[in-house]
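The figures that follow rest on heavy atoms only: side chains count, while hydrogens, waters and symmetry mates do not.
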Amino acid sequence: MSMPTFHLAPDLAVSRLCFGTMTMGEQSRLPESLRLLDAAFDAGVNFFDSAEMYPVPQRSETHGRSEEFLGRWLRARRAPRDSVVLTTKVAGPSGQMTWIRGGPASLDSRNIAEAIDGSLRRLGVDYIDLYQIHWPDRYVPMFGETEYDPSHQYKSVPMEEQLLALGRAIDAGNIRYIGLSNETPYGLMKFLQLSRDSQLQSKILTVQNSYNLLCRNFDAGLAECCHHERISLLAYSPMAMGILSGKYYSSDDGGPPDARMNLFKGRYSEGESRYNLQNPKMKAAVKEYVKIAAKHGVSPAILAVAFVLRHPLVASAVFGATEISQLTEVLQATRIHLSEEIVAEINEVHARYPNPCP
């Protein structure tokens, strides 16, 4: 089955949907994961996203399992390597994940080189198409924080050293292109400025940040940077961790017990800090978007993903699925055109409840 594609580079075309493997190895076991990956690939998805710290909630016992599952699928599927676009990420500084190189402590050249080697080994491939810095090696407000506090800054690894390490990996043939994630306008522009000095400007292609009906912060600053610098957005959480499906507010019991926000309640601080189910503005906004979807005869999930895909700077929407029915629903979003009437109704809700989940 065919799917619309986007050229991140002349020699790198990706499907407009990117299958995120963040739940594989925790919420999804190996058999289910292999079936989901098969079904996505058969439907035309050629773009698969992972990270060395996945799955989430992260813990030492499952570290790297998402990449391992993706690698096992690649070997079982026996698809030509150039028919699949793989992207994964190096974890930034964290004092919590001591099982990943002691924290990891930083994004110095040693940590980046070891992370790339580990991902190549778990994926069972010779190269990674797009290698991303998962979050910056410096203080930035993230995962629900909105205000910058200069007193939180810590001694960080210079961006020059990070680029040097990534450049060496490109020269060695271990990675092809570079992406950023959870970045700010300053971070993106600084990396691009420094990349010109290191002959890597053409190698930085993407920024992967959250973008959905409940979080449109990208449009406030990063969008202008991406437009003028020809950087594409990989929009993660297009359904806001499933919240925009409406399932958490469809009844008074808080949604299905096996839904991610219920299943891992209290164990996934990064997600819960941004998507607080008790947030009255978020709840009100979700209910309004569900009404719009019902009025126009589409599911809330399709509306949410189609809204993200219509953005002119979005190359691909990074989605997750733990069931074939969820995957089937998301795939339909690539065939949906949102009319000006629907977009106007969406924007009216956004004006009343702007970015309740930054």
Side-chain angles (χ1 to χ4, degrees), residues 3-6 8 14-24 27 36 40 43-51 54 56 87 89 132 143-144 179 181-182 206-219 222-223 226 232-248 259-261 270-271 274-275 282 285-286 288-290 292-293 296 298-323 325-338 342-343 346-347 349-350 353-358:
M3 174 175 291
T5 58
F6 183 95
L8 293 177
V14 300
S15 50
R16 294 298 315 281
L17 291 175
C18 174
F19 200 162
T21 62
M22 186 175 75
T23 61
M24 294 182 181
Q27 197 172 356
L36 286 162
V45 174
N46 78 333
F47 196 16
F48 299 90
D49 175 85
S50 196
Y54 290 167
V56 298
T87 178
K89 315 178 197 75
Q132 304 169 87
F143 307 123
S181 183
N182 295 299
T206 60
V207 59
Q208 183 176 156
N209 278 30
S210 176
Y211 189 78
N212 55 57
L213 289 168
L214 302 174
C215 177
R216 294 164 65 172
N217 290 14
F218 170 81
D219 292 325
L222 262 173
C226 288
S232 296
L233 175 64
L234 304 181
Y236 75 75
S237 290
M239 288 177 54
M241 293 186 67
I243 292 169
L244 285 165
S245 69
K247 62 186 176 184
Y248 292 100
R260 190 188 322 170
M261 299 296 287
E270 294 91 344
R274 173 178 278 166
Y275 301 115
M282 182 178 78
V286 170
E288 291 298 320
Y289 292 129
V290 169
I292 292 173
H296 294 279
V298 297
S299 74
I302 292 174
L303 178 79
V305 178
F307 172 79
V308 171
L309 290 175
R310 73 180 295 276
H311 197 293
L313 298 173
V314 170
S316 191
V318 185
F319 73 98
T322 57
E323 300 174 6
S325 59
Q326 295 172 342
L327 171 63
T328 302
E329 190 173 24
V330 171
L331 291 169
Q332 295 179 51
T334 62
R335 301 190 290 272
I336 295 294
H337 170 73
L338 298 186
I342 297 176
V343 173
I346 287 173
N347 287 336
V349 175
H350 176 66
Y353 307 106
N355 300 320
C357 305

Test Leu213 against Val286 for side-chain contact (heavy atoms from CB on, under 4.5 Å), laying out the working first.
CA-CA 9 Å; Leu213 289 168; Val286 170; over 6 Å; no
Any [X] side-chain heavy atom under 4.5 Å of [Y] side chain:
X: Phe6; Y: Arg16; result: yes
X: Ile342; Y: Leu303; result: yes
X: Gln332; Y: Ser299; result: no
X: Leu331; Y: Met3; result: yes
X: Pro300; Y: Leu244; result: no
X: Ile243; Y: Tyr289; result: no
X: Arg274; Y: Met241; result: no
X: Arg216; Y: Asn347; result: yes

Worked check of side chain to side chain donor-acceptor pair (under 3.5 Å) between Gln132 and Thr206
CA-CA 9 Å; Gln132 304 169 87; Thr206 60; 4.6 Å; no
Evaluation steps, side-chain contact (heavy atoms from CB on, under 4.5 Å), between Glu329 and Ile302
CA-CA 7 Å; Glu329 190 173 24; Ile302 292 174; 3.8 Å; yes
Inter-residue atom distance [X].[atom1] - [Y].[atom2], 0.5 Å rounding:
X: Tyr275; Y: Ser237; atom1: OH; atom2: OG; value: 4.0 Å
X: Leu313; Y: Tyr211; atom1: CG; atom2: OH; value: 9.0 Å
X: Leu222; Y: Leu233; atom1: CG; atom2: CG; value: 8.0 Å
X: Ile346; Y: Arg310; atom1: CD1; atom2: CZ; value: 7.5 Å
X: Phe319; Y: Gln326; atom1: CZ; atom2: CD; value: 10.0 Å
X: Ser316; Y: Asp49; atom1: OG; atom2: CG; value: 9.0 Å

Please give me the minimum heavy-atom distance between [X] and [Y], naming the atom from each residue.
X: Asn217; Y: Pro358; result: ND2-CB, 3.3 Å
X: Tyr353; Y: Glu288; result: CE1-CG, 4.3 Å
X: Asp219; Y: Ala223; result: CA-CB, 3.8 Å
X: Lys247; Y: Gly242; result: CE-O, 3.9 Å
X: Val349; Y: Ala285; result: CG1-O, 4.2 Å
X: Ala315; Y: Leu8; result: CB-CD2, 3.6 Å

Verify side-chain contact (heavy atoms from CB on, under 4.5 Å) between Asn355 and His350, making sure each step is shown before the conclusion.
CA-CA 7 Å; Asn355 300 320; His350 176 66; 3.6 Å; yes
Should the pair His311 and Phe218 be assigned to parallel (<30°), tilted (30 to 60°) or perpendicular (>60°) ring geometry?
perpendicular
Output yes when a side-chain donor or acceptor of Ser245 lies under 3.5 Å from a complementary backbone atom of Ala301, and no otherwise.
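Not a single qualifying donor-acceptor pair exists.
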Could you go through the side-chain contact (heavy atoms from CB on, under 4.5 Å) check for Cys226 and Val207 one step at a time?
CA-CA 8 Å; Cys226 288; Val207 59; 3.7 Å; yes
Distance flag, aromatic centroids of Phe19 and Phe47, threshold under 6.0 Å
no
Are side-chain N/O atoms of Thr21 and Ser50 paired as donor and acceptor at under 3.5 Å?
yes
